[in-house]
Amino acid sequence: MPELPEVEITLRGLAAHLTGQAIAKVVIRHARLRWPIPKNLPKLLHGKTIRALRRRAKYLLVEFDHGTLILHLGMSGSLCLLPAGTPAEKHDHFDLVLGNGMLMRLRDPRRFGAVLWHSGDVNAHPLLAALGPEPLQPEFDAAYLYRTTRNKTAAIKLVIMDNRVVVGVGNIYANEALFRAGIRPQLAAGKLSRERCARLVEAIRATLTEAIRHGGSTLRNFVGSDGKPGYFQQHYRVYGRAGEPCRACGTPIKQLRQGQRSSFYCPKCQR
DNA sequence: CTTTGCACCTGTTGGC
DNA sequence: TGCCAACAGGTGCAAA
């Protein structure tokens, strides 16, 4: 589920409910996520007040006066707000119980997600320090992408999915953005012209912005929901459509593998 | 430095 | 229906 739009939607859904709340209790049911949840988290957070929620790449940052709780949803994670006392289900690994009688619950069947703590400047955390620009911020522009791709022989799809180049472009939206830009996923990044870099930047922005506007590919209620996604069938142009006709020209969509991930493209619309 | 493939997990899907 | 393999939207890391 969680590509950047889902994380952004989650952030927006939670922010107003968490900000200013004190932590009444921290519950760790299953500490073995991608990295272990710190054992001392309950002690660290008890009675402390949430000052703000932010997002950096696909990390959700819960800021306190004395440090930051770093959350990542991995491949299958979701967060929801429930009344305190709601019984936990199978994959509910972590709760923040709030002073207002609600709790924020992390559910993550595959456990590729993360719950970490960092005191001090969170941008200096090893997981965040080397990240590239946000795709929706002005630093990510045509000049930057052109400069960054020079002399790169790697496929453009792999490059835009590289966190050090730009964050938050996952497999689905990489495929969709390349279709919008009319660029083949296997094209060597260094061969892109300035004009095509500009098109790609705009395509990435438009694809992500549109997905955020639609509530991500998954719509959730954050308050009172059980975290089960209510599915919103996203109208993908190429992702998952191998063999089906291109929505623009009717040519069958092709599939290939790049870096152990599936890529999809229209051989006529994308060059 | 870049590139490649593995690893962490469970759930779902599709072929036989 | 059952069984099993393949695959899934992330991404850090070791090895080459």
Side-chain angles (χ1 to χ4, degrees), chain A residues 1-10 29-37 55-60 70-79 88-94 106-116 118 125-132 135 148-179 185-186 188-190 204 207-208 210-212 214-220 227-243 255-264:
Chain A
M1 283 150 233
E3 288 231 22
L4 184 132
E6 283 83 349
V7 180
E8 179 66 26
I9 294 294
T10 300
R29 287 187 204 80
H30 196 139
R32 303 289 305 268
L33 301 186
R34 176 143 200 207
W35 296 280
I37 300 177
R55 177 185 64 73
R56 174 73 174 111
K58 293 175 186 166
Y59 295 97
L60 272 168
I70 302 172
L71 304 175
H72 197 287
L73 300 178
M75 203 98 125
S76 58
S78 60
L79 292 167
E89 293 179 33
K90 191 172 179 188
H91 299 295
D92 295 340
H93 307 311
F94 177 80
L106 172 70
R107 172 174 296 177
D108 185 4
R110 287 179 76 180
R111 289 192 275 123
F112 288 169
V115 177
L116 300 168
H118 185 76
H125 188 281
L127 292 173
L128 306 193
L131 294 176
T148 308
T149 50
R150 288 316 88 186
N151 304 320
K152 278 202 198 302
T153 56
I156 185 61
K157 175 164 180 267
L158 297 175
V159 171
I160 60 173
M161 290 181 72
D162 184 339
N163 266 339
R164 297 163 304 180
V165 175
V166 59
V167 301
V169 182
N171 196 37
I172 293 179
Y173 295 119
N175 281 299
E176 295 295 309
L178 286 165
F179 175 80
Q186 26 337 13
I204 290 170
T207 305
L208 294 173
E210 192 173 283
I212 291 168
H214 286 183
S217 53
T218 302
L219 278 186
R220 283 187 206 93
K228 278 184 192 156
Y231 279 103
F232 175 81
Q233 266 310 343
Q234 180 100 3
H235 204 60
Y236 295 131
R237 292 179 171 82
V238 288
Y239 181 79
R241 300 192 63 243
Q255 177 172 8
L256 71 150
R257 279 190 89 78
Q258 296 180 284
Q260 296 92 238
R261 315 299 297 275
S262 284
S263 298
F264 303 88

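Numbered from 1 within each chain, the chains take letters A, B, ... in sequence-line order. Please read all numbers here as calculations on a predicted model, not as lab measurements. Heavy atoms only: backbone and side chains are in, while hydrogens, waters and symmetry mates are out.
- The line from CG of Asn163(A) to NZ of Lys58(A) is 7.5 Å long, rounded to the nearest 0.5 Å.
- Side-chain contact of Glu176(A) with Thr207(A): a donor-acceptor pair under 3.5 Å is absent, judged by distance alone.
- With no hydrogens or angles considered, a side-chain donor-acceptor pair links Ser262(A) and Arg257(A) at under 3.5 Å.
- For Tyr59(A), the ring pair (Phe, Tyr, Trp, His ring centres under 6.0 Å) criterion is met by His72(A), not counting sequence neighbours.
- If you take atom P in dA6(C) and the same atom in dC6(B), they sit 14 Å apart, rounded to whole Å.
- Nearer the 5' end of DNA chain B, as judged by each residue's closest nucleotide, is the contact made by Arg164(A), out of Gly259(A) and Arg164(A).
- With Asn175(A) as the fixed residue, the side-chain contact (heavy atoms from CB on, under 4.5 Å) test singles out one of Ile172(A), Asn171(A), Leu178(A): Asn171(A).
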Per-nucleotide protein contact string for nucleotides 9-16 of chain B, where B marks a base within reach and S marks sugar-phosphate only (heavy atoms under 4.0 Å, - for neither): BBS-----
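- Using C1' as the reference atom, dT11(C) and dT12(B) are 22 Å apart when rounded to the nearest Å.
- Regarding contacts with the backbone of dT3(B), a side-chain N or O of Thr153(A) is found under 4.0 angstrom from either OP1 or OP2.
- If you take CD of Gln258(A) and P of dT3(B), they are 13 Å apart, rounded to a whole angstrom.
- When the P atom of dT2(B) is taken as reference, atom CG of Leu158(A) falls 14 Å away, rounded to whole Å.
- Distance CD1/Ile9(A) to NE2/His214(A): 10.5 Å, rounded to 0.5 Å.
- Between dC7(C) and dG5(B), the two P atoms lie 15 Å apart (nearest whole Å).
- Under the 3.5 Å distance criterion, the side-chain polar atoms of Arg241(A) are left unmatched by any main-chain donor or acceptor of Phe264(A).
- By the ring pair (Phe, Tyr, Trp, His ring centres under 6.0 Å) test, His125(A) is found to be paired with His118(A), residues two or more places apart in sequence or in another chain being considered.
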5' to 3', nucleotides 11-16 of chain C under a 4.0 Å protein heavy-atom cut-off (B base, S sugar-phosphate only, - none) gives BB----
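- When the side-chain nitrogen and oxygen atoms of Tyr173(A) are compared with OP1 and OP2 of dG9(C), none of them lie within a distance under 4.0 Å.
- Taking a pair as Watson-Crick or G-U wobble with both distances under 3.5 Å, the runs of three or more consecutive pairs in DNA chain C are B:2-8 with C:10-16, B:10-16 with C:2-8.
- Not counting sequence neighbours, Arg237(A) has no partner by the side-chain hydrogen bond (donor to acceptor under 3.5 Å, both in side chains) test.
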